[in-house]
Asker: 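Here it is, the structure, as structure tokens.
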Amino acid sequence: MPFPVHYLWWILALLLIGSEVLLPGYFLLWIGLAAAAVGAVLLLTPPLGLLVQAVLFAVLAFAACVLYARVLRPKLDKREPGSETLNRRGERMIGQRYELIEPIINGRGKARVGDGQWLVNGPDLPLGSLVEVVAIDGTTLKVRAAA
């Protein structure tokens, strides 16, 4: 009794999906699912020629990858508002206004931010002035006088 061809497609599917564990990226997963689908088609239909199997596999693999890229990936990549600056506290401060607790002299001073203080760079301003954050450089806020 000859070895059923659909088993070969399922073995290929298992190898591809198993390779996804070693090479993550969701690419081999979809090609593996296409190989499994070809195995299922061969189980349910009369024997197909090798060329028809190869074309069916190519079409299903392409369709699975496009389905992932166009439909599933955008849904999986949804981010919560504000998460783009998560762990980058300084970037959330851009546009905010703070009071100087040390005057800016020769371009350097300190501002009160919440219950802490941050170094600031900007034009010379007296103690107590309001400044607006325009950029951040490491742990130093770049500021201008608030209007």
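Just so you know, these numbers come straight off a predicted model, no measurement behind them.
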Asker: Any chance you could measure L60, atom CG, to L67, atom CG, to the nearest 0.5 Å?
Answerer: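 Reported to 0.5 Å precision, the distance equals 11.5 Å.
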Asker: Other residues, nucleotides and ligands only: do more than 12 of their heavy atoms fall within 6.0 Å of OH on Y68?
Answerer: yes
Asker: For a quick test of reading the model, state the closest non-hydrogen atom pair linking H6 to L42 and the distance between them.
Answerer: CB-CB, 3.9 Å
Asker: Quick one: does any side-chain atom of E99 pair with a main-chain N or O of R112 as donor and acceptor, under 3.5 Å?
Answerer: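 Side chain of E99 to backbone of R112, a donor-acceptor pair under 3.5 Å: no, none is there.
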Asker: Identify the two heavy atoms, one from E102 and one from L127, that lie closest to each other, and give their separation to 0.1 Å.
Answerer: N-CD1, 3.7 Å
Asker: Quick one: does M93's side chain get under 4.5 Å of V113's, heavy atoms only?
Answerer: yes
Asker: Rounded to the nearest 0.5 Å, what separation is found between the CG atom of N121 and the CD1 atom of I104?
Answerer: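 Reported to 0.5 Å precision, the distance equals 8.0 Å.
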Asker: Under 3.5 Å, is there a donor-acceptor pair between the side chain of D124 and the main chain of G107?
Answerer: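 Checking the backbone N and O of G107 against the side chain of D124, a donor-acceptor pair under 3.5 Å is found.
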Asker: Search all heavy atoms of V38 against all heavy atoms of F57 and return the closest pair with its distance.
Answerer: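 In this case the closest contact between V38 and F57 is CG2-CA, 3.6 Å.
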Asker: Quick check for you: to the nearest 0.5 Å, what is the distance between I17 atom CD1 and W30 atom CH2?
Answerer: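 The CD1 atom of I17 sits 9.5 Å away from the CH2 atom of W30.
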Asker: If you measure from CZ on R144 to CD on E132, what distance do you get to the nearest 0.5 Å?
Answerer: 4.5 Å
Asker: With distance as the sole test, does W10 use its side chain to make a donor-acceptor pair with the main-chain N or O of A36 at under 3.5 Å?
Answerer: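 Confirmed, W10 side chain pairs with A36 backbone.
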